[in-house]
Amino acid sequence: QVQLVESGGGLVQAGDSLRLSCAKSGRAYSTYPMGWFRQAPGKEREFVAAIRWSADNPYYADSVKGRFTISRDNAKNTVYLQMNSLKPEDTAVYYCALTGLALPTTRPNDYGYWGQGTQVTVSI
């Protein structure tokens, strides 16, 4: 059984940094792509970043490109999201997700496993 557990969220000021972690348990899907999504109140869940098992050519939403970095440590079954230069509009619940497809996608419906989410709040 696959479980994803996020950590690292919190309350920060604009311009600060945070690093989110997502630990995967369970042997299945260990070499598959993973992604980060976020959902702000009253809005749909949106894609943030995704990464292949090989960690090359990560995907980013335009809104976070140049500020966020996704990475993974396959030995630890953990995916990270380093968030720099945070803005108030980055405030949301952040979810990590795992897809059974060969390549990462930006569509939430392509991801079959989700963590419980971690709140990120960026104040002015």
Side-chain angles (χ1 to χ4, degrees):
Q1 184 178 359
V2 173
Q3 286 189 322
L4 304 176
V5 178
E6 303 99 334
S7 61
L11 172 62
V12 297
Q13 292 186 327
D16 286 350
S17 299
L18 275 178
R19 189 176 82 153
L20 305 183
S21 299
C22 173
K24 172 189 168 295
S25 62
R27 292 185 177 182
Y29 298 102
S30 293
T31 61
Y32 283 79
M34 295 184 68
W36 286 96
F37 292 77
R38 66 187 182 186
Q39 188 166 18
K43 295 188 176 181
E44 293 187 352
R45 192 166 297 188
E46 65 172 3
F47 170 77
V48 176
I51 190 168
R52 306 179 187 185
W53 180 79
S54 60
D56 58 341
N57 296 323
Y59 296 31
Y60 295 99
D62 288 343
S63 59
V64 306
K65 204 171 292 184
R67 299 188 298 122
F68 290 12
T69 302
I70 188 172
S71 61
R72 64 189 296 167
D73 184 335
N74 291 326
K76 295 182 179 180
N77 286 322
T78 301
V79 175
Y80 304 96
L81 185 68
Q82 177 67 43
M83 305 185 296
N84 299 329
S85 302
L86 283 161
K87 304 176 181 180
E89 51 263 44
D90 294 319
T91 295
V93 177
Y94 283 70
Y95 299 89
C96 72
L98 170 69
T99 178
L101 301 177
L103 294 176
T105 79
T106 63
R107 297 180 296 267
N109 286 346
D110 289 338
Y111 292 76
Y113 295 93
W114 293 84
Q116 82 288 352
T118 185
Q119 177 71 46
V120 172
T121 303
V122 185
S123 64
I124 297 174

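Fair warning: this is a prediction, and the values are worked out from it, not measured in the lab.
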Task: For the student: nearest non-hydrogen atoms of Pro88 and Ile124, plus distance - done: CG-CG1, 3.9 Å

- [ ] Please indicate whether Glu89 has more than 12 foreign heavy atoms, meaning atoms of other residues, nucleotides or ligands, lying under 6.0 Å from its CD.
- [x] yes

- [ ] Inspect the contact between Asp62 and Lys65 and indicate whether a charged nitrogen and a carboxylate oxygen are less than 4.0 angstrom apart.
- [x] yes

Task: Residue pair Trp53, Arg72: steps toward the side chain to side chain contact (heavy atoms under 4.5 Å, CB included) verdict - done: CA-CA 8 Å; Trp53 180 79; Arg72 64 189 296 167; 3.9 Å; yes

Open item on the list: With heavy-atom distances below 4.5 Å as the criterion, would you say the side chains of Tyr113 and Lys24 are in contact?
Closed with: no

Task: Atom of Gly115, atom of Tyr95 and distance for their closest heavy-atom approach - done: O-CD2, 3.6 Å

- [ ] Compare all side-chain heavy atoms of Val12 with those of Met83 and state whether any distance is below 4.5 angstrom.
- [x] no

Open item on the list: If you compare all heavy atoms of Ser17 against all heavy atoms of Ser85, which two are closest, and at what distance to 0.1 Å?
Closed with: OG-N, 4.3 Å

TODO: Please name the pair of heavy atoms, one in Tyr60 and one in Ala49, separated by the smallest distance, quoted to 0.1 Å.
DONE: CD2-CB, 3.7 Å

Open item on the list: I need the full list of ring-ring contact (aromatic ring centres under 6.0 Å, His included) pairs touching residues 74-93, with sequence neighbours left out, sorted by first then second residue.
Closed with: none

Open item on the list: With a 3.5 Å distance limit and no angle check, can you tell me whether Asp110 reaches the backbone of Thr99 through a side-chain donor-acceptor pair?
Closed with: no

Task: Inter-residue atom distance Asn74.CG - Met34.CE, 0.5 Å rounding - done: 10.0 Å

TODO: Flag yes if more than 12 heavy atoms outside Tyr59 fall under 6.0 Å of its OH atom; otherwise flag no.
DONE: yes

Task: Beyond-backbone contact of Phe68 with Trp36, side-chain heavy atoms, under 4.5 angstrom - done: no

TODO: Report yes if some heavy atom in the side chain of Arg45 is under 4.5 Å from a heavy atom in the side chain of Tyr111; otherwise report no.
DONE: no

Open item on the list: Which heavy atom of Pro58 sits nearest to which heavy atom of Ile70, and what is that distance?
Closed with: CB-CG2, 3.6 Å

TODO: Treat each ILVMFWY residue as a node, draw an edge where side-chain heavy atoms are under 4.5 Å apart, and state whether Val64 and Leu86 are in one component.
DONE: yes

- [ ] Nearest 0.5 Å please: distance from the OG1 atom of Thr118 over to the CG atom of Leu18.
- [x] 8.5 Å

Open item on the list: Using 0.5 Å steps for rounding, measure from the CG atom of Leu103 to the CG atom of Asn57.
Closed with: 10.0 Å

Task: Nearest non-hydrogen partners of Leu98 and Tyr29, listed with the distance - done: CD2-CB, 3.4 Å

Task: Exam field: side chain Thr91 to backbone Val122, donor-acceptor pair closer than 3.5 Å - done: yes

Open item on the list: Between Trp114 and Phe47, is there shared hydrophobic-cluster membership here, with clusters defined by ILVMFWY side-chain heavy atoms closer than 4.5 Å?
Closed with: yes

- [ ] Check whether any side-chain heavy atom of Cys96 sits under 4.5 Å from a side-chain heavy atom of Val79, and report yes or no.
- [x] no

Task: Asn109 CG: over 12 foreign heavy atoms closer than 6.0 Å - done: no

- [ ] Following the transitive rule for hydrophobic clusters with a side-chain heavy-atom cut-off under 4.5 Å over Ile, Leu, Val, Met, Phe, Trp and Tyr, establish whether Ile51 and Val48 coincide in one cluster.
- [x] yes

Open item on the list: Could you walk me through whether Leu20 and Glu6 satisfy the side chain to side chain contact (heavy atoms under 4.5 Å, CB included) test, starting with their C-alpha distance in whole Å, then the side-chain angles of each, then the deciding distance to 0.1 Å, before giving a yes or no?
Closed with: CA-CA 7 Å; Leu20 305 183; Glu6 303 99 334; over 6 Å; no

Task: Point-to-point distance, once rounded to the nearest 0.5 Å, from OG of Ser25 to CG of Asn77 - done: 8.5 Å

- [ ] Would you mind reporting whether Val120 and Arg38 have side-chain heavy atoms less than 4.5 Å apart?
- [x] no

